[in-house]
Amino acid sequence: MYRLLKTINSIFKFKNPFYNLFLEKSASADLVFTPQNLWTGNSDNGRKITDGFLSFHNETNPFNLSTWKKNKSSKLWNQKLHSFQWINDVKDLGTNKARIFLRKNISQWIELHNQWDQQNWNIIILSKRICNLLGNISFFYETADESFQKVFARSVNKQAIHLITSLETKINTDDKIFIPKAIIISSLCFTNMKPKLELGLKILSEIINLEILDDGMHFSRSPSKQFFFLKNLIDIKNYLGLSGLSIPKTLNEVIAKMGMVLKFFKINNNELAIFNEFNFIDSHQLNEVIKRANTRLRIPSVLNKACFKRISHNKLTFIMDCGSPPKEKTHAGSLSFEFSYFGEKLVVNSGSPVVNDKKWIEAMRSTAAHSTVSIDDVNSSDIFYQKNTDTRIAKVWSELLVDKNCYWVNSAHSGYKKIFGIIHNRKIHIDPENLIIRGQDYISKPTKHLFNIPKKMFIRFHIHPDIKLNVTTSKKKVFLQLKNNVAWEFICSEAKINLKEGIYLGEKKTIQKNNHILISENLVPEKRIKWMFKLIK
């Protein structure tokens with residue numbers, strides 16, 4: 001109730017015309033620093049934008065100056081529009097036409113939206129807008145006329161002042177990193193914001209301590225979230241360095257750790273492994289961020305806090321999720337794994353949708369969308385569309401044993417204990433020298449009699465769309481042919497192996513059909529179902 005009253009009080013405060021007058025009187029056009037953007041954009045997308053079409057989350061809409069006044073696009077699309085996240089792609093065109101296009105759109109935004117409103121001045125959208133406008137200022141500002149420069153600088157400064165006054169608002173999002181980033185870049189750019197640098201660095205330190213685990217992994221346990229958070233830290237380091245300020249030692253240390261973790265999840269030359277919430281990262285961007293992180297830390301076999309295992313040897317890379325899912329945007333993928341050979345993914349998880357759709361999101365977060373075991377097609381952890389999971393979360397135990405060049409991952413999770421009274425056990429042996437991955441899955445006996453009696457056990461191995469699959473007529477073996485014509489085989493101790501169609505959302509804005517290997521059996525406690533992937537030599 002207190003939080004609700006505080007929110008209502010803030011709304012009335014910000015709506016007050018005297019508050020806007022206060023911001024206008026406080027705003028300054030005294031811009032003293034020009035940041036440089038480190039990152040290349042997507043010029044093809046930039047061309048589409050200047051041609052009048054803007055796309056977010058597979059939603060493409062006409063884009064012109066009237067779009068800022070009124071449009072029929074979704075709320076999420078408008079959030080992306082008003083955050084100016086698209087500006088970097090237009091900048092990548094590098095033309096005078098692109099500069100003029102940006103200046104016209106920025107001027108239109110200022111004319112229509114330069115006063116607080118609850119949606120477009122939301123603290124996260126506001127912070128992203130400040131970062132994107134000031135972060136790309138070197139492209140469109142210096143060649144503009146004096147009138148545009150003054151109006152633009154005063155507007156951004158006004159928004160930065162509002163950001164400082166609205167910091168009491170409770171934020172529940174994993175995009176909080178943009179708040180200190182916006183404060184820091186504003187304090188470097190504007191004379192009247194200079195005293196706020198320490199505040200920005202303090203909030204940054206708090207968010208790092210809150211969101212980054214001791215081993216350098218983002219709390220979401222998502223490799224793509226890791227990428228975006230690290231990219232923002234590198235930006236902040238760049239701004240401080242260009243300003244001639246010393247870079248905090250802890251910032252350098254966190255960037256090095258996070259860079260090492262990002263390399264941990266690089267499953268081939270161009271892609272990140274898919275675990276938890278996934279966003280496709282272009283290979284050029286991925287390698288650019290890894291290069292800028294400039295970490296010399298060695299990639300480990302185990303992330304102890306994030307609880308992932310990695311074996312990479314003899315062109316084989318195997319990564320397994322051996323930790324409890326996060327409560328935020330829970331993905332029920334406990335004990336799932338991915339592996340690649342010679343730079344080509346074979347076994348994958350299914351990815352995340354690029355559309356903001358409840359059914360799609362819940363389907364792709366389900367256990368069935370991961371390369372692991374499900375019982376009666378019940379998820380191993382509860383998943384909810386728009387709230388945290390505070391009911392049933394799988395607790396995971398695991399260990400990695402090494403003997404010369406052979407590896408054993410022993411693991412188990414309790415996700416089904418509350419419903420069925422059972423534990424899923426998965427043991428995997430990786431022999432990189434002979435290129436063999438052996439596994440066994442079994443369900444321990446119920447510890448007590450429960451009303452729900454489990455009936456079926458499903459083991460799924462989702463296969464990358466580029467892999468050609470052929471199952472033998474006896475259905476006892478599957479052949480997997482890679483694009484480079486190298487072949488693997490899959491065999492199982494059970495009588496029948498089935499191939500089923502599925503959906504893969506691991507590429508850029510595309511929905512691809514793929515297949516998964518399915519083993520379905522009546523559940524017999526302690527019965528070990530053995531399987532093996534082996535290179536055909």
Side-chain angles (χ1 to χ4, degrees), residues 37-42 88 174-178 181 204 207-238 247 250-313 316-323 325-326 328-329 331 333 336-340 343-345 348-349 351-352 506-508:
N37 191 334
L38 291 172
W39 317 109
T40 54
N42 184 329
N88 198 39
D174 50 12
D175 281 340
K176 288 194 287 286
I177 183 64
F178 286 98
K181 183 180 178 183
L204 175 66
I207 289 175
I208 288 172
N209 290 333
L210 185 68
E211 297 194 4
I212 305 304
L213 305 176
D214 289 345
D215 55 18
M217 181 73 187
H218 191 262
F219 79 97
S220 65
R221 304 180 69 249
S222 160
S224 47
K225 288 285 182 186
Q226 179 87 4
F227 169 88
F228 291 117
F229 195 101
L230 174 58
K231 188 178 179 183
N232 282 308
L233 292 188
I234 293 171
D235 277 338
I236 292 169
K237 178 181 176 179
N238 176 50
I247 307 219
T250 52
L251 180 58
N252 277 324
E253 289 172 349
V254 171
I255 287 173
K257 270 189 181 180
M258 292 192 75
M260 174 268 292
V261 171
L262 197 63
K263 288 165 74 173
F264 178 101
F265 286 105
K266 198 176 174 189
I267 198 161
N268 58 27
N269 293 333
N270 300 308
E271 294 179 77
L272 290 174
I274 298 172
F275 293 101
N276 298 302
E277 187 178 0
F278 176 74
N279 289 277
F280 177 79
I281 309 297
D282 179 81
S283 60
H284 178 72
Q285 291 184 46
L286 174 61
N287 293 322
E288 208 174 357
V289 168
I290 288 173
K291 182 181 176 182
R292 296 276 183 187
N294 195 28
T295 181
R296 296 181 181 178
L297 298 175
R298 187 176 179 182
I299 302 172
S301 296
V302 178
L303 295 179
N304 288 312
K305 295 296 181 182
C307 300
F308 284 91
K309 307 284 191 284
R310 182 182 194 268
I311 292 95
S312 186
H313 182 72
L316 172 72
T317 300
F318 174 95
I319 304 175
M320 183 171 174
D321 183 348
C322 297
E328 296 83 358
K329 299 179 181 178
H331 286 64
S336 64
F337 68 86
E338 293 200 340
F339 88 87
S340 68
E344 290 192 46
K345 280 187 174 186
V348 295
N349 292 314
S352 298
E507 299 292 337
K508 188 174 184 179

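Just so we're clear, the structure is a prediction, and the values are computed from it rather than from any experiment.
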- Taking it one step at a time, do Ile255 and Ile234 satisfy side chain to side chain contact (heavy atoms under 4.5 Å, CB included)? CA-CA 7 Å; Ile255 287 173; Ile234 293 171; 4.2 Å; yes
- Message: side chain to side chain contact (heavy atoms under 4.5 Å, CB included) for Leu251 and Leu233? Distances and angles first, verdict last.
- Response: CA-CA 8 Å; Leu251 180 58; Leu233 292 188; 4.1 Å; yes
- CA sep, side-chain torsions, deciding dist, call: Met217, Phe265, side chain to side chain contact (heavy atoms under 4.5 Å, CB included): CA-CA 11 Å; Met217 181 73 187; Phe265 286 105; 3.5 Å; yes
- Task: Begin with the C-alpha distance, continue with both residues' side-chain angles, and end with the deciding distance and a verdict on side chain to side chain contact (heavy atoms under 4.5 Å, CB included) for Phe219 and Leu210.
- Result: CA-CA 8 Å; Phe219 79 97; Leu210 185 68; over 6 Å; no
In residues 271-278, what donor-acceptor pairs under 3.5 Å come from side-chain atoms, sequence neighbours left out?
unit_1 : atom_1 : unit_2 : atom_2 : d
Glu271 : OE2    : Asn268 : ND2    : 3.4
Asn276 : ND2    : Arg221 : O      : 2.7

Under 3.5 Å, side-chain donor or acceptor atoms of residues 290-299 against the rest of the protein: list the pairs with distances, not counting sequence neighbours.
unit_1 : atom_1 : unit_2 : atom_2 : d
Thr295 : OG1    : Ala256 : O      : 2.9
Thr295 : OG1    : Leu297 : N      : 3.2

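Between Asn88 and Thr40 there is no side-chain heavy-atom pair separated by less than 4.5 Å. Here the side chains of Ile236 and Ile247 are not in contact, with every heavy-atom distance at 4.5 Å or above. The shortest side-chain heavy-atom distance between Lys266 and Thr317 does not fall under the 4.5 Å cut-off. Between Asn238 and Asn37 there is no side-chain heavy-atom pair separated by less than 4.5 Å. Side-chain contact between Asn270 and Leu286 is absent, with no heavy-atom pair separated by less than 4.5 Å.
Among all heavy-atom pairs drawn from Leu262 and Pro223, the shortest one is CD1-O, 3.8 Å. Taking both residues in full, the closest heavy atoms of Ile281 and Phe228 are given as CD1-CZ, 3.6 Å, listed atom of the first, atom of the second, then distance. Shown here for Lys225 and Ser220, the closest heavy-atom pair between the two residues is CB-OG, 3.3 Å. The minimum heavy-atom distance between Phe227 and Val289, with the atom names listed, is CE1-CG2, 3.3 Å. Across all non-hydrogen atoms, the minimal contact from Met260 to Asp215 is CE-O, 3.9 Å.
With rounding to the nearest 0.5 angstrom, the NZ atom of Lys263 is 9.5 Å from the CZ atom of Arg310. To the nearest 0.5 Å, atom CG of residue Leu230 and atom CE of residue Met258 are 5.5 Å apart. For the atom pair CD1 (Ile208) and OG1 (Thr250), the distance works out to 6.5 Å, reported to the nearest 0.5 Å. Note: Gln226 CD to Ile212 CD1 = 6.0 Å, rounded to the nearest 0.5 Å. Separation of atoms CG (Asp282) and CD (Glu288) is listed at 9.5 Å; rounding is to 0.5 Å.
Judged purely by atom type and a 3.5 angstrom limit, Lys309 has no side-chain atom pairing as donor or acceptor with the backbone of Phe318.
Between His218 and Phe229, the ring planes are tilted. Angles from 30° to 60° get that label.
Every salt bridge (Lys or Arg N to Asp or Glu O under 4.0 Å) that Lys176 has, sequence neighbours left out, goes to Glu211.
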